[in-house]
Amino acid sequence: MSNRLIILSCVALTFACLAFAYEPKPLQDFCVADPNASVKVNGLVCKDPMKVQADDFFFSGLHLMGNTSNPVGSRVTTVFAAQLPGLNTLGISMVRIDYAPWGLNPPHTHPRATEILTVLEGTLQVGFVTSNPDNRFITKVLKKGDVFVFPVGLVHFQRNIGNGYAVAIAALSSQNPGAITIANAVFGANPPIPGDILAKAIQVDKSVVEQLQSKF
């Protein structure tokens, strides 16, 4: 019985560690980010709590439409700790995503966060790809009021498949979820990834890779 309790305790501890692997629970009521601090930490330094004001927990602007006049036809407006200092250490953030007709939020991944998305207007095709070796493509069409979740770290996208503008709100399980847009990372790396490496990786001629790199 004692051995079983030890094993169960170890399993519970393992899951607890996994749960807090990204952002640990705060050790105080709040830790409003101090953008003027010169100290660099894994996150943002706390502002003196006696100097904290209501505006530190406030953000205004998600009612405004983002400018989608760009090659992909979408715009992400972020509300991370950089925009809302009161989010610091709380392990949550959100974004507004605007889509022009047939606009695309290109395949990307958030290395530090799960994302849950709600469609406010329009019709979106969304999807994500599971990890190796299966690489299953899971996709669905969402309408106004529908909700979809993208698991942490998986490549995902949204595309407006309607003729009008679309908008969605998404919450993410990190104050700074990060975003790696696949095409930008692969073809727009600085300095560039050697063309022969990419050509072999995606099984195309090196000239094709060089043409793609010239676009980023």
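The structure displayed is predicted, hence computed values, not measured ones.
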*Separation of Ile197 CD1 from Lys206 NZ (nearest 0.5 Å)*: 10.0 Å
_One pair to check against side chain to side chain contact (heavy atoms under 4.5 Å, CB included): Ile193 and Phe187. What are the steps and the verdict?_
CA-CA 7 Å; Ile193 299 173; Phe187 299 110; over 6 Å; no
*List the steps and the verdict of side chain to side chain contact (heavy atoms under 4.5 Å, CB included) for His108 and Phe150.*
CA-CA 11 Å; His108 62 282; Phe150 304 105; over 6 Å; no
*Taking all non-hydrogen atoms of both residues, which atom of Phe59 and which atom of Leu84 are closest, and how far apart?*
N-CD1, 3.9 Å
*Asn105 vs Tyr99 side-chain heavy atoms within contact, under 4.5 Å*: yes
_Heavy-atom donor-acceptor pair, Ser93 side chain to Ser174 backbone, under 3.5 Å_ = yes
*asked:* With a 4.5 Å cut-off on side-chain heavy atoms, are Leu142 and Leu117 touching?
replied: yes
*If Ile, Leu, Val, Met, Phe, Trp and Tyr residues are connected whenever their side-chain heavy atoms lie under 4.5 Å apart, and connections chain through other members, are Val147 and Phe128 in the same group?*
no
*CD on Gln175 to CZ on Arg112, rounded to 0.5 Å*: 9.5 Å
_Val52 reachable from Leu90 in the ILVMFWY side-chain graph, under 4.5 Å edges_ = no
_Any side-chain to backbone donor/acceptor pair from Arg96 onto Leu62? Under 3.5 Å, distance only._
yes
*Hey, could you give me the CG/CD distance between Asp205 and Gln211, rounded to the nearest 0.5 Å?*
10.5 Å
*asked:* Assigning hydrophobic clusters by single linkage (Ile, Leu, Val, Met, Phe, Trp, Tyr; side-chain heavy-atom cutoff under 4.5 Å), is Ile116 placed with Phe157?
replied: no
*Scan Asp34, Asp56, Asn88 and name whichever one has a side-chain hydrogen bond (donor to acceptor under 3.5 Å, both in side chains) with Lys47.*
Asp56
*Check the pair Leu154 / Val129 against side chain to side chain contact (heavy atoms under 4.5 Å, CB included), numbers first and verdict last.*
CA-CA 6 Å; Leu154 297 187; Val129 180; over 6 Å; no
*With no hydrogens and no angle check, is any side-chain donor or acceptor of Thr139 less than 3.5 Å from a backbone partner on Val126?*
yes
*asked:* Show, in sequence, the C-alpha distance, side-chain angles and deciding distance for Asn176 and Leu44, and conclude whether the side chain to side chain contact (heavy atoms under 4.5 Å, CB included) test is met.
replied: CA-CA 10 Å; Asn176 183 25; Leu44 298 168; over 6 Å; no
_Joint cluster assignment, Leu120 & Leu172, ILVMFWY side-chain distance < 4.5 Å_ = no
_Please check: side-chain N/O of Thr109 versus main-chain N/O of Gly153, any donor-acceptor pairing under 3.5 Å?_
yes
*Gly188 versus Phe216, closest heavy-atom pair with distance*: CA-CB, 3.7 Å
*Exam field: side chain Thr123 to backbone Lys143, donor-acceptor pair closer than 3.5 Å*: no
*What heavy-atom pair brings Asn160 and Ala100 nearest, and what distance separates the two atoms?*
ND2-O, 2.9 Å
*Any donor-acceptor pair under 3.5 Å linking the side chain of Gln125 with the backbone of Arg159?*
no
*If you measure from CG on Asn70 to OG1 on Thr68, what distance do you get to the nearest 0.5 Å?*
6.5 Å
*Which class fits the ring pair His110 and His156: parallel under 30°, tilted 30 to 60°, perpendicular over 60°?*
tilted
*asked:* Test your reading of the model: is there a side-chain donor-acceptor pair from Asn67 to the backbone of Ser69, 3.5 Å cut-off?
replied: yes
*Closest heavy-atom pair and its distance - Pro151, Thr114*: C-OG1, 4.1 Å
*Mind checking whether Val149 and Ile169 sit in one hydrophobic cluster, side chains of I, L, V, M, F, W, Y counted as touching below 4.5 Å?*
no
*With under 30° as parallel and over 60° as perpendicular, where do the rings of Phe57 and Phe30 fit, or are they tilted in between?*
perpendicular
*Is the side chain of Gln213 donor-acceptor paired with the backbone N or O of Pro194 at a distance under 3.5 Å, no angle test?*
no
*What are the two closest heavy atoms between Leu124 and Ala166, and how far apart are they?*
CD2-CB, 4.0 Å
*Below 4.5 Å, heavy atoms only, C-beta onward: do Met65 and Val167 meet side chain to side chain?*
no
*Compare every heavy atom of Ala185 with every heavy atom of Ile180, then report the nearest pair and how far apart it is.*
CG2-CB, 3.8 Å
